[in-house]
J.: 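I'd like to ask you about the structure that follows.
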Amino acid sequence: MNASPSAQVSGKKVLIYYYKFASKLGGSDYLPLLLVAELQRRGCEITLALDWESDLKHAADLYHVDLDAEKVHVLTIKPQNSLMKKLDSILPFYRVRQLKRMVKHADVCISTANMIDFGKPAYHVVYMLRLFGDNAFNDFCQHRPPLSGFPRLKRSIRTLLAESILRPLLGVRSTRKILADRREHIYVPSRYVADTMRAFFGPFNCTVFYPPTSFDIPPLDVERDPMRVIYLGRIQREKCILEIVGIVERARTLSGRNIQLHLAGPLTPGDYTENLKRIVAEKPWIQLAGPVYGQEKAAFLLGGTYAIHAERDEAFGISITEYLKAGCIPIVPDEGGTPEVIDDPALTYHTDEDAARILVHLLNDEAFRREQLDLCKKRAEEFSFERYLETQHRILDGILGKQA
């Protein structure tokens, strides 16, 4: 896939930070690859700083991103010594020191893996809320009650030591201090993420930048099952799979129809998965398809008519865009970033009972179903590859223009 329309050659030196590229298709690797590809076409000299050693060419080939890996200067900045690795996992002073050395030779610094201290104003793409390195923020995002007693005292002491002594001594700014610096700019994957961060950290400069969706639906001759509900994603507790099962089961009871549920995605080992397997074995209307990729994934998506998402703190929800592109009608909770993706109140629910009733309404009211399907098709256009590239092109115009 080619990146963007031709742009004026900039000749800028750009430093990009990322964690690592996986050996198989995921979701998060796409954005840094597309940024590198377009920056190369703009004539930029690119240094890619990675926490862990990765095969850039292999990653680009997986995503069909046209870039010249040989012309990208790739450096691994995580410490190799086991003791240093442990220390750096608590406080990333080693990585920050490495980055600050590289910054001297960079015109532009971009982090595609949350906020990191480059030592000068930079551009930061929010990658995953759970990886902010702030336990209190994790509790806030997941609506866990605040700590009390000794655990609260222990956390307060650790925070005081880190923020008031260790970070100033080592010259490492925290996420909170980076966000508070009005010279920094943050790109968030949804308005929900921006609101969540502001509620905890206070005001900061940000722009909503929807992530690229790495999968477009190829033309396949697949018969769509009008009674099939699908879910695509990781099979784990955080994704609330058992809640999805409950919603479909309730809809079966309310409608009296033989609604089927097909679940696809890698199984996370543990008690939750084993419990799910036992439930599936007892309910013949549920199928576990396992992980699906390529044409198998496309066939899975095209075979469904409806989709249900149940995680309530999803930052964006790439799978929702894939449902939309495949012509499925997704039903999502009224929390997190997913209602922003579908932008259709008629398909958002507050309780699981609401979700079941929406599904039954879709099954029983053909005019309502067609209306929602038309809205979903229009919304899918907002997450096309071309639309993403237009946004990325505009953002890079702004970033490189400020450095002129």
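All residue numbers in this chain count up from 1 along the given sequence. Bear in mind that the values here come from a model prediction, so they are computed numbers and not experimental data.
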J.: Whether the side chain of Tyr63 engages the backbone of Asp66 through a donor-acceptor N/O pair (distance < 3.5 Å, no angle test) should be reported.
T.: no

J.: Is the Phe209-Tyr388 ring centre distance short of 6.0 angstrom?
T.: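 Between Phe209 and Tyr388, the centre distance is under 6.0 Å.
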
J.: Given Ile77, which of Gln98, Arg97, Arg101 fulfils the side chain to side chain contact (heavy atoms under 4.5 Å, CB included) condition?
T.: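 Of the listed options, the one satisfying the test is Gln98.
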
J.: Could you check if a side-chain atom of Thr47 sits within less than 4.5 angstrom of a side-chain atom of Leu75, using non-hydrogen atoms only?
T.: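 Side chain of Thr47 against side chain of Leu75, heavy atoms only: contact under 4.5 Å found.
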
J.: Does any part of the side chain of Leu33, heavy atoms only, come nearer than 4.5 Å to the side chain of Leu56, both counted from C-beta?
T.: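 Yes, side chains in contact.
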
J.: With a sphere of 6.0 Å drawn around CD of Glu382, does it hold more than 12 non-hydrogen atoms of other residues, nucleotides or ligands?
T.: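 Enclosed: over 12 neighbouring heavy atoms sit under 6.0 Å from CD of Glu382.
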
J.: Could you tell me whether Lys12 and Glu45 make a salt bridge, using a distance below 4.0 angstrom between a side-chain N and a carboxylate O?
T.: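 No, this pair does not count.
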
J.: Any sub-3.5 Å donor-acceptor pair from Asp354's side-chain atoms to Thr351's backbone N or O?
T.: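 Present.
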
J.: Charged N to carboxylate O under 4.0 angstrom, Lys57 versus Asp61?
T.: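 Looking at Asp61 together with Lys57, the answer is yes, because their closest N to O distance falls below 4.0 Å.
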
J.: Can you tell me how the ring of Phe137 sits relative to the ring of Phe201, calling it parallel under 30°, perpendicular over 60° and tilted otherwise?
T.: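 Geometry flag for Phe201 against Phe137: tilted rings.
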
J.: Would you check if there is a donor-acceptor pair between the side chains of Asp334 and His350 at a distance under 3.5 Å?
T.: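 Indeed, the side chains of His350 and Asp334 share at least one donor-acceptor pair under 3.5 Å.
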
J.: Looking at Arg387, Lys325, Glu322, which hits side-chain hydrogen bond (donor to acceptor under 3.5 Å, both in side chains) with Thr213?
T.: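 Considering Arg387, Lys325, Glu322, a side-chain hydrogen bond (donor to acceptor under 3.5 Å, both in side chains) with Thr213 is found only for Lys325.
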
J.: Please test Glu381 against Lys378 for salt bridge (charged side-chain N to carboxylate O under 4.0 Å, His left out), starting from the C-alpha separation and ending with a verdict.
T.: CA-CA 6 Å; Glu381 296 173 4; Lys378 289 178 182 177; over 6 Å; no

J.: Decide yes or no for Arg228 and Ile230: does some side-chain heavy atom of the first lie under 4.5 Å from some side-chain heavy atom of the second?
T.: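 Yes, close enough: below the 4.5 Å cut-off.
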
J.: Is Ser384 reaching over with its side chain to a backbone N or O of Ala380, donor-acceptor style, under 3.5 angstrom?
T.: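 Flag not set: sc Ser384 to bb Ala380 has no pair under 3.5 Å.
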
J.: Are Glu314 and Lys239 ion-paired here, with the side-chain N under 4.0 Å from a carboxylate O?
T.: yes

J.: Determine whether Arg173 and Asp181 make a side-chain contact, defined as any pair of heavy atoms from C-beta on separated by less than 4.5 Å.
T.: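 A side-chain contact exists here, since the closest heavy-atom pair is under 4.5 Å.
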
J.: Starting at CD1 of Ile110, measure out to CD1 of Ile116 and round the result to the nearest 0.5 Å.
T.: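 Between atom CD1 of Ile110 and atom CD1 of Ile116 there are 14.0 Å.
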
J.: Is a donor on one side and an acceptor on the other found under 3.5 Å between the side chain of Asp117 and the backbone of Val96?
T.: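 No, because the side chain of Asp117 does not come within donor-acceptor range (under 3.5 Å) of the backbone of Val96.
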
J.: Specify the closest pair of heavy atoms between Ala60 and Leu67, including all atoms of both residues, with the distance to one decimal.
T.: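 Shortest heavy-atom contact: CB-CG, 3.9 Å.
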
J.: Given 3.5 Å as the limit, does a donor-acceptor pair link the side chain of Ser255 with the main chain of Arg257, or not?
T.: yes

J.: Please check if any side-chain donor atom of Gln260 sits under 3.5 Å from a side-chain acceptor atom of Asn258, or the reverse.
T.: yes

J.: Quick one, Leu39 and Leu400 - any side-chain contact, counting heavy atoms below 4.5 Å?
T.: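 Yes, side chains in contact.
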
J.: Quick test of your reading of the model: are Arg379 and Asp344 salt-bridged, counting only N-O distances below 4.0 Å?
T.: no

J.: Counting only N and O atoms by type, is there a donor-acceptor contact under 3.5 Å from the side chain of Gln40 to the main-chain atoms of Asp68?
T.: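 Judged by distance alone, yes, a pair lies under 3.5 Å.
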
J.: I'd like to know if Asp134 pairs up with Arg176 as an ion pair, taking the criterion as any Lys NZ or Arg NE/NH1/NH2 lying under 4.0 Å from an Asp or Glu carboxylate oxygen.
T.: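 No, no charged N to carboxylate O under 4.0 Å.
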
J.: Considering only NZ, NE, NH1 and NH2 on the basic side and carboxylate oxygens on the acidic side, decide whether Arg42 and Glu38 come within less than 4.0 Å.
T.: yes

J.: Below 4.0 angstrom, N of the basic side chain to O of the carboxylate: do Asp139 and Arg144 qualify?
T.: yes

J.: Looking at Thr207 and Tyr187, would you say the former's side chain and the latter's main chain have a donor-acceptor pair under 3.5 Å?
T.: no

J.: Grab the two heavy atoms, one from Tyr17 and one from Ser111, that are nearest each other, plus how far apart they are.
T.: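 Scanning both residues completely, I find the closest heavy atoms to be CD2-OG, 3.5 Å.
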
J.: How long is the span from the CD atom in Gln372 to the CD1 atom in Ile342, to the nearest 0.5 Å?
T.: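 Between Gln372 CD and Ile342 CD1, I get 8.5 Å after rounding to 0.5 Å.
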
J.: Which heavy atom in Tyr323 sits nearest to a heavy atom in Leu232, and how many Å separate them?
T.: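 So the two residues come closest at OH-N, 2.7 Å.
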
J.: Check whether any side-chain N or O of Ser190 sits under 3.5 Å from a backbone N or O of Ala315 as a donor-acceptor pair, and report yes or no.
T.: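 Checking the backbone N and O of Ala315 against the side chain of Ser190, a donor-acceptor pair under 3.5 Å is found.
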
J.: Does the cation-pi check pass for Arg198 over Phe204, that is, NZ or CZ under 6.0 Å from the six-membered ring centre and within 45° of its axis?
T.: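 So Arg198 does make the cation-pi contact.
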
J.: Look up atom NZ in Lys100 and atom CZ in Arg95, then write down how far apart they are to the nearest 0.5 Å.
T.: 13.5 Å

J.: Can the ring centroids of Tyr19 and Tyr127 be said to lie less than 6.0 angstrom from one another?
T.: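 Judged by ring-centre distance (under 6.0 Å), Tyr19 and Tyr127 do meet the cut-off.
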
J.: Would you call Asn205 and Ile186 a side-chain contact if the rule is heavy atoms closer than 4.5 Å?
T.: no

J.: Identify the two heavy atoms, one from Glu243 and one from Ala310, that lie closest to each other, and give their separation to 0.1 Å.
T.: CB-CB, 4.3 Å

J.: Just do the side-chain contact (heavy atoms from CB on, under 4.5 Å) check on Thr321 and Ile318 with the steps written out, would you?
T.: CA-CA 5 Å; Thr321 68; Ile318 285 177; 4.2 Å; yes

J.: Just do the side-chain contact (heavy atoms from CB on, under 4.5 Å) check on Lys13 and Leu15 with the steps written out, would you?
T.: CA-CA 7 Å; Lys13 293 181 179 180; Leu15 171 61; over 6 Å; no

J.: Please tell me if the side chains of Pro330 and His309 come closer than 4.5 Å, counting only heavy atoms from C-beta onward.
T.: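 A side-chain contact is absent here, since even the closest heavy-atom pair is not under 4.5 Å.
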
J.: Rounded to the nearest 0.5 Å, how far does CG of Leu99 lie from NZ of Lys104?
T.: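 That separation rounds to 12.5 Å.
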
J.: Could you walk me through whether Glu340 and Tyr210 pass the side-chain hydrogen bond (donor to acceptor under 3.5 Å, both in side chains) test, one step at a time?
T.: CA-CA 11 Å; Glu340 188 175 330; Tyr210 291 138; 3.0 Å; yes

J.: Can you tell whether the side chains of Glu390 and Arg394 come within less than 4.0 Å, N to carboxylate O?
T.: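 Here Glu390 does not pair with Arg394 in a salt bridge, since their nearest N and O are not under 4.0 Å apart.
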
J.: Supply the atom-to-atom distance Leu396 CG to Leu35 CG, rounded to the nearest 0.5 angstrom.
T.: 5.5 Å

J.: A side-chain contact here means heavy atoms from C-beta on lying under 4.5 Å apart; do Leu31 and Tyr18 qualify?
T.: no

J.: Is Glu184 reaching over with its side chain to a backbone N or O of Leu179, donor-acceptor style, under 3.5 angstrom?
T.: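 No.
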
J.: On a heavy-atom basis, which atom in Pro226 and which in Thr305 lie closest, and how many Å separate them?
T.: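 That closest heavy-atom pairing would be CA-OG1, 3.3 Å.
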
J.: Just do the side-chain contact (heavy atoms from CB on, under 4.5 Å) check on Ile247 and Glu353 with the steps written out, would you?
T.: CA-CA 7 Å; Ile247 289 167; Glu353 178 73 13; over 6 Å; no

J.: Would you mind checking if Lys20 and Asp29 are paired as a salt bridge, meaning a charged N to carboxylate O distance below 4.0 Å?
T.: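 Looking at Lys20 together with Asp29, the answer is no, because their closest N to O distance does not fall below 4.0 Å.
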
J.: Apply side-chain contact (heavy atoms from CB on, under 4.5 Å) to the pair Ile235 and Thr268, showing each step before the final yes or no.
T.: CA-CA 6 Å; Ile235 308 295; Thr268 303; 5.6 Å; no

J.: What is the minimum heavy-atom distance between Cys109 and Val103, and which atoms define it?
T.: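 Closest heavy-atom pair between Cys109 and Val103: SG-CG2, 3.7 Å.
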
J.: Is the closest side-chain donor-acceptor distance between Glu238 and Tyr272 under 3.5 Å?
T.: no

J.: Any salt bridge linking Arg370 with Glu366? Criterion: basic side-chain nitrogen under 4.0 Å from a carboxylate oxygen.
T.: yes

J.: Hey, are Lys283 and Glu249 close enough for a salt bridge, meaning a charged N less than 4.0 Å from a carboxylate O?
T.: yes

J.: Could you give the distance from CG (Leu276) to CG (Leu267), rounded to the nearest 0.5 Å?
T.: 7.5 Å

